[in-house]
4 protein chains.
Amino acid sequence: MTSTSETSARPLRRDAARNRELLLAAARDVFARRGLEATLDDVAREAGVGVGTAYRHFANKHELASAVLDEVFATMSAHADAALADEDAWRGLVGFLESAMDLQSVNRGLREVLMSSTDPRNLQQLQDRLMEPFVALVERAQAAGEVRADVTMADFALLTVMLCAVADLTEGTAPTVWRRFLALLLPGLRPGGPSLPSDGLTAAQLTAATFTRCQRMSGGGPA
Amino acid sequence: MTSTSETSARPLRRDAARNRELLLAAARDVFARRGLEATLDDVAREAGVGVGTAYRHFANKHELASAVLDEVFATMSAHADAALADEDAWRGLVGFLESAMDLQSVNRGLREVLMSSTDPRNLQQLQDRLMEPFVALVERAQAAGEVRADVTMADFALLTVMLCAVADLTEGTAPTVWRRFLALLLPGLRPGGPSLPSDGLTAAQLTAATFTRCQRMSGGGPA
Amino acid sequence: MTSTSETSARPLRRDAARNRELLLAAARDVFARRGLEATLDDVAREAGVGVGTAYRHFANKHELASAVLDEVFATMSAHADAALADEDAWRGLVGFLESAMDLQSVNRGLREVLMSSTDPRNLQQLQDRLMEPFVALVERAQAAGEVRADVTMADFALLTVMLCAVADLTEGTAPTVWRRFLALLLPGLRPGGPSLPSDGLTAAQLTAATFTRCQRMSGGGPA
Amino acid sequence: MTSTSETSARPLRRDAARNRELLLAAARDVFARRGLEATLDDVAREAGVGVGTAYRHFANKHELASAVLDEVFATMSAHADAALADEDAWRGLVGFLESAMDLQSVNRGLREVLMSSTDPRNLQQLQDRLMEPFVALVERAQAAGEVRADVTMADFALLTVMLCAVADLTEGTAPTVWRRFLALLLPGLRPGGPSLPSDGLTAAQLTAATFTRCQRMSGGGPA
DNA sequence: TATGAATGAGAGTTCATTCAT
DNA sequence: AATGAATGAACTCTCATTCAT
């Protein structure tokens, strides 16, 4: 479930996979607690290995962070899929948002990517795996008349970004207040409300927005 | 109008106060455009003075940023005061939120403090000057039956934080979408809605929340 | 004479020019003795300043090395100009080659650039300043019937490269043997010898050759 | 023919000698193409074995390079021997030089050792196997009156070093120009020319020269 | 008082070599 | 005997802050 990307035809490594796991675990922890600006040395130390080891497993800090975040995105995608299985379109959508926020509210690094849109690669994940079921959830809810027609998928995406901001600020003191704001936001998305100003973002605009900002991590980006 | 907080009994010096203004102007611009991670060298260069001069006027980068942000907070306070002059409690409150967001949506550094709650000092500003009329606005609106009773001033504060997150992401591509989400959020704060989960933050909690996170700027905080 | 590039309209820096000189002196020494792979930390230490200081004056190691080598190229150009003043075309040419080798034979870093053709920028120097009088020297000697017609300027350039190889090997033990090989090479370049195999390089080919190899220094080149 | 120097009384082991061959083959290729700064990991990967295996067979990167270069030196020795079989002393000598350069012109690593005189060990090879017939070739040519008397074997050695410099620079663009310079150099070595400045190196000096420079490879020499 | 040069700790990354499996 | 993961010192470059001029 938590196992990592066995990307290519690599047969599997021996017990050195243990270190990879140690590193991923450390990265999960460190990046979640201290954000993505945490040092690779810190991660390595937390994992109990040398920095060089980190670089054996991951090309650079960015790759390690991506690996860790990919896992979360995968989990979120799974949740989105599961939400589609709910026969109640609205409940499915809301349930997904909550499950996504459950993850985001305890993961500072995750919030940072979502809020800062660091780089293409993560976005790829977001789009390829998550975007699809996410869009499906929204459109299904709209088709079912549970969500107003003039709302876009990007509205829901930005909704979680907003809740991230709340979670960011309140993680240490009131880690569940985001639920309050979710509750505040949802009614406005149901049909029947007053018309909304400032058109919602198209998917393309959302992508553009997330692409626009600081793509650098480790020197100058994916390199 | 443009003169800055000569907090204590310092009489004011010669035309070297001009440098202070130059620095503040540069800092306003640079921090607004590039965020607080901009270099003090950059600010000094933009101001046309040496870095040393910056350090003569401000203890460290943090202090300069604070000075600049204090101005904005002062402006926001003024807007809050003005909003209290509106006889319509709800319109006043909403008008204030919009004016605050007008400032925040074009000021990346400002958004960063608000979203990250860098340090005590800024908060002081927030509380001492802004908080009071802000609270008054909210309470007046509640007294007038325009805002539901179980909503706190912190809810409105976090509301702007959330919109900051939106503005952050869309500044380059759709700089006014935050209005859409403001419109989405406001109805829920009016009386008559369903009860809200997860108690709103008290003022103390809000303060605490903003205190909790990354106090470091320049090494490890105010030093 | 040894003063450095006052490139632009910079009025002149105060006594911090002293450190620049210290750095250049140290770089001259260190690069000449140990070659270009010497550490910037080493240069800084030798100069008695911190690394940061080095980076204040020079964007990167490459720039510092270039600055030092530019000086030498300038000196070589001056020698070439002086050689053109000699009314004896052949003596002028040979004198220039000897003076160039006098510099190269005691400067390992210089030899490395000449032999390895590190990067465009140095080449620019070589071409813009040195190439012109060098070509003039050669062509004048050819016009005077002192150099065979089928010899190109590149032949003389490569001739010094070859002597660099000798100097490289014998610097510590027999620092003047290169003169022996110069004496060995020169007769062949005079008119009347047997035809030479393998066409001489054109100027373009020479440039191409020097461009071809390892352009990286400090990560990935001039960046 | 392809088997390698089993120096001492080691009987020879099983088919794990195959790995040695794989490594040598890979090293031949990699060092020839990319020079001696190529990574041992690269060599191992090219060989299809682990780095550890490389370290089982060779004490360090240096040893592997030496082994590979020993082969080339052996080949060169063979060519020298063959050249001695030519009844024409001059033709034999020149033929040898050409055959040596044929090897050197396509082998960057080889040129690097010859030009940089990395360490004792290689030199041993050079002296023990190559030096002897080389000296014989030269002396025979001198005895035959084909080479001027004041020329030493070291002159011919340095001659090839010089051509290496040319080859180094022109490998990618004009891989045969070295022949031009060989042709340029040879006439000067025949009897009857003007006396040469700067005494030629003695064999001892040549050895000393090659010993003098950068003995470090892998930290600080053979370790 | 203003300047801007100097500092140096720290970040990301590489690679020869060692050693557990 | 073979593997290839682990190590960690070394290198280049950045930037907040100090201090000599």
Side-chain angles (χ1 to χ4, degrees), chain A residues 13-20 23 37-42 44 47-62 217-220 223, chain B residues 13-16 19 37-42 44-45 48-62 217-220 223, chain C residues 13-20 23 37-42 44 47-62 217-220 223, chain D residues 13-16 19 37-42 44-45 48-62 217-220 223:
Chain A
R13 303 300 163 116
R14 34 193 90 199
D15 65 359
R18 205 183 76 96
N19 271 348
R20 193 173 209 273
L23 275 164
E37 76 283 12
T39 299
L40 247 203
D41 279 77
D42 287 341
V49 304
V51 222
T53 306
Y55 278 95
R56 163 168 293 275
H57 289 287
F58 305 94
N60 46 39
K61 181 178 161 179
H62 182 93
M217 179 169 203
S218 76
Chain B
R13 299 293 163 142
R14 53 196 81 191
D15 64 357
N19 274 346
E37 75 284 13
T39 299
L40 249 202
D41 277 81
D42 288 342
R45 176 161 38 257
V49 305
V51 224
T53 305
Y55 277 92
R56 168 163 300 278
H57 290 285
F58 306 93
N60 47 36
K61 181 176 158 180
H62 183 94
M217 178 170 205
S218 76
Chain C
R13 303 301 164 114
R14 35 193 88 201
D15 66 358
R18 205 184 75 96
N19 271 347
R20 191 173 211 272
L23 276 163
E37 76 283 13
T39 299
L40 248 204
D41 279 78
D42 287 342
V49 304
V51 221
T53 305
Y55 278 95
R56 163 168 292 274
H57 289 286
F58 305 94
N60 46 39
K61 180 177 160 180
H62 183 93
M217 180 170 202
S218 75
Chain D
R13 299 294 162 140
R14 53 196 82 190
D15 64 357
N19 274 346
E37 75 283 14
T39 300
L40 208 41
D41 277 79
D42 288 342
R45 177 161 37 258
V49 305
V51 224
T53 306
Y55 277 92
R56 169 163 299 278
H57 289 287
F58 306 93
N60 47 36
K61 180 175 157 179
H62 182 94
M217 179 170 203
S218 76

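Each chain gets a letter, A, B and so on, in the order the sequences are listed, and its residues count up from 1.
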Review point. How close do A:L23 and A:A44 get, heavy atom to heavy atom, and via which atoms?
Key: CD2-CA, 4.3 Å

Check your understanding: Rounded to the Å, how far apart are C:L23 CG and E:dT7 C1'?
Key -> 13 Å

Review point. How far does CG of C:L40 sit from NE2 of C:H62, to the nearest 0.5 angstrom?
Key: 12.0 Å

Point to revise | Distance, nearest 0.5 Å, that separates CZ of C:R20 from CZ of C:R56 | key: 12.5 Å

Review point. Please give, in whole Å, the distance from F:dT14 P to C:K61 NZ?
Key: 15 Å

Check your understanding: Hey, which of these two, C:A38 or D:G52, hits DNA chain F nearer its 5' end, going by closest nucleotide?
Key -> D:G52

Check your understanding: What integer distance in Å separates B:N60:CG from F:dA16:C1'?
Key -> 9 Å

Check your understanding: E:dA2 phosphate, OP1 or OP2: any side-chain N/O from B:N19 under 4.0 angstrom?
Key -> yes

Practice item. Please report, rounded to the nearest Å, how far the P atom of E:dG10 is from the CG atom of A:D42. Key: 11 Å

Revision key, fill the gap. Checking F:dA5, F:dC11, E:dG12 against the side chain of C:T39 (C-beta onward), the nearest is F:dC11

Check your understanding: Among E:dA16, E:dA5, F:dT18, which is the nearest nucleotide to the side chain of D:Y55?
Key -> E:dA16

**Study point:** A:T53 side-chain N/O to F:dA5 phosphate OP1/OP2 under 4.0 Å
**Key:** no

Check your understanding: Can you tell me the Watson-Crick or wobble partner of F:dA10, both distances under 3.5 angstrom?
Key -> E:dT13

**Study point:** Given DNA chain E, 5'-ward residue of the pair B:H57 and C:G48, judged by closest heavy atom
**Key:** B:H57

Review point. What's the CZ-C1' distance between D:R56 and E:dA20, to the nearest Å?
Key: 13 Å

Review point. When all nucleic acid strands are considered with a 4.0 Å heavy-atom cut-off, which category describes A:V49: base, sugar-phosphate, or nothing?
Key: sugar-phosphate

Check your understanding: B:D41 has an atom CG; how far is it from atom C1' of E:dG4, in whole Å?
Key -> 9 Å

Check your understanding: Taking the side chain of B:V51 as heavy atoms from C-beta outward, which of E:dA16, E:dG4, F:dA16 is closest to it?
Key -> E:dG4

**Study point:** Distance in angstrom units between B:R45 CZ and F:dC15 P, rounded
**Key:** 11 Å

Check your understanding: Closest nucleotide of DNA chain E for A:L40 versus for B:A54: which of these residues is on the 5' side?
Key -> B:A54

**Study point:** Who pairs with E:dA5 - Watson-Crick or G-U, where each distance is under 3.5 Å
**Key:** F:dT18

Point to revise | Rounded distance [0.5 Å steps], CZ in C:F58 versus OG1 in C:T53 | key: 11.0 Å

Revision key, fill the gap. In whole angstroms, the gap separating C1' of E:dT14 from CD of C:E37 amounts to 17 Å

